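Treat the numbers as computed from the prediction; the structure is a model and nothing was measured. Residue numbers begin at 1 in each chain, while the letters A, B, ... track the order of the sequences.
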There are 2 protein chains.
Amino acid sequence: MQGPRTVAEQVANVLREAIASGTIKAGTSLRQDELAEQFGFSRMPIRDALRQLEAEGIVSIHPTKGAQVARMDGAEIGEIYALRELLECEALRLSLPNLAAAKLDEAEQVLDQIDAERNVGRWGALNRAFHLALYDACGNHRLLGLIEAHHNAADRYVRILLSNLDYRSRSQTEHRDLLAACREREGDEATSILRQHLREGSETLVGAIREDGLSRKS
Amino acid sequence: MQGPRTVAEQVANVLREAIASGTIKAGTSLRQDELAEQFGFSRMPIRDALRQLEAEGIVSIHPTKGAQVARMDGAEIGEIYALRELLECEALRLSLPNLAAAKLDEAEQVLDQIDAERNVGRWGALNRAFHLALYDACGNHRLLGLIEAHHNAADRYVRILLSNLDYRSRSQTEHRDLLAACREREGDEATSILRQHLREGSETLVGAIREDGLSRKS
DNA sequence: ATGTGGATATATGTATGCCTGTATACTCCG
DNA sequence: CGGAGTATACAGGCATACATATATCCACAT
């Protein structure tokens with residue numbers, strides 16, 4: 001696999017990860033000069049990277065106000081999860097009949113990795129990998145792209161859920177139930193579990209955001 | 001309403017319209033220098049505009065190979081229409097119970113405009129306006145954004161359908177059936193009509209692309 | 001004659017500098 | 001003392017200039 005060939009892509013990847021991991025908090029202003037100096041490049045690649053992240057919905061660029069990490073309130077999270085439910089259930093429904101058993105084994109290995117992983121920073125990527133493995137055979141590249149985009153957009157908020165260890169174990173239980181249903185090719189059952197899984201995540205997350213006051217008005 | 005405040009946005013709008021209208025054909029290389037000279041600006045705003053259009057899926061940028069108008073084959077069109085079906089049916093389902101009667105009147109006026117419009121170039125925008133009016137009250141801004149993005153991505157191909165006047169009149173009939181179902185708040189009926197409408201569009205379009213040889217291999 | 005290798009040209013990526021617009025703070029006037 | 005207007009500073013958009021990678025073409029060798 002060829003790594004990012006352009007500086008802008010590297011910067012975008014680093015920023016995306018930094019934002020997802022919470023190193024850069026929501027609402028932080030991202031000044032081009034500052035980032036350029038930190039990365040050791042000029043402002044141009046940083047500009048491109050910020051544009052890219054804006055297109056992904058991770059940062060918002062106000063003219064003359066610069067870029068800042070997109071701050072999401074409960075409503076925004078609710079919208080994203082509603083879309084994830086719609087998109088991922090459809091992807092699963094399409095994928096399941098054509099999904100190779102090897103992919104299911106791959107997904108199970110990811111679940112084991114999640115259980116073994118102590119660094120919460122990696123959990124988001126593993127969670128995404130598990131879900132995408134199940135949708136792999138859906139046959140619609142754009143659909144997969146949209147799903148991945150929404151994972152990225154919500155990644156840093158998903159980590160809030162992990163502070164609740166109870167939720168994490170419940171999530172893993174649901175993941176394994178989902179995988180079992182997939183193995184038996186029970187499409188309706190699997191879709192139902194996935195929908196429930198996402199709704200629990202949404203409710204837990206919205207509740208956590210509301211009470212933690214993570215959504216201050218701009 | 002405030003027009004585009006930055007040159008890059010203006011360029012993006014012009015290019016988007018030129019591509020949608022077929023003035024710039026699929027597969028055309030978009031060289032930054034060339035566009036810069038044509039528009040009378042430097043390459044920087046053009047770069048930003050191309051990045052924007054890439055995010056919208058209208059052009060594809062290969063590093064060092066430049067940007068070229070995204071060429072879509074039948075499979076790609078099929079994916080887009082499958083997504084439109086998923087997204088728009090959901091949006092309609094969510095919107096319909098909360099949709100103001102005034103919006104329905106607005107939608108009907110758009111249909112009248114479509115019948116009266118002789119310039120096929122404007123038909124795409126009117127078609128989009130009609131559909132979006134129906135989804136207006138869905139309560140999910142991101143969902144609306146995705147729908148609009150997919151309209152934009154497929155706009156120039158949708159115009160192929162218009163060369164078939166038979167399809168156009170059939171489309172308008174379906175539009176009015178859909179509107180009637182919406183007025184009576186028949187959610188299931190409306191969704192069903194919309195789904196059928198999109199599937200006919202997809203099939204007609206994919207067939208037209210296949211036979212017209214519009215999808216040459218790169 | 002054909003294939004391979006190198007050189008050149010072209011277009012994109014990147015760097016630096018300037019200009020413009022906006023936000024903020026200070027001053028002056030009511 | 002408060003509000004409004006102006007000036008200044010700061011950040012981003014745009015332009016110009018330079019570097020780099022790739023594709024193509026030509027030449028030479030097999």
For atom CD of A:Gln68 and atom P of D:dG12, their distance in whole Å: 11 Å
Distance, rounded to the nearest Å, where A:Ile46 contributes CD1 and D:dA11 contributes C1': 15 Å
Crowding at CD, A:Glu37 (>12 non-hydrogen neighbours, <6.0 Å): no
Sugar-phosphate or base contact per nucleotide [nucleotides 13-20 of chain C; S, B, -; heavy atom under 4.0 Å]: BBBBB---
Atom-pair distance (CG on B:Asp33; P on D:dA15), nearest Å: 13 Å
Distance in angstrom units between B:Leu50 CG and C:dA11 C1', rounded: 13 Å
Between C1' of D:dA11 and CD of A:Glu34, the distance in whole Å: 12 Å
Electrostatic pair A:Asp155:A:Arg128 at N-O distance under 4.0 angstrom: yes
Geometric class of the B:His131/B:His151 ring pair [parallel <30°, tilted 30-60°, perpendicular >60°]: tilted
Residues B:Glu76 and B:Arg71 bridged, charged N to O under 4.0 Å: no
A:Gln52 versus A:Glu56, side-chain donor and acceptor atoms under 3.5 Å: yes
Side chain to side chain donor-acceptor pair (under 3.5 Å) contacts touching residues 117-127 of chain A (sequence neighbours left out): A:Asn127-A:His175
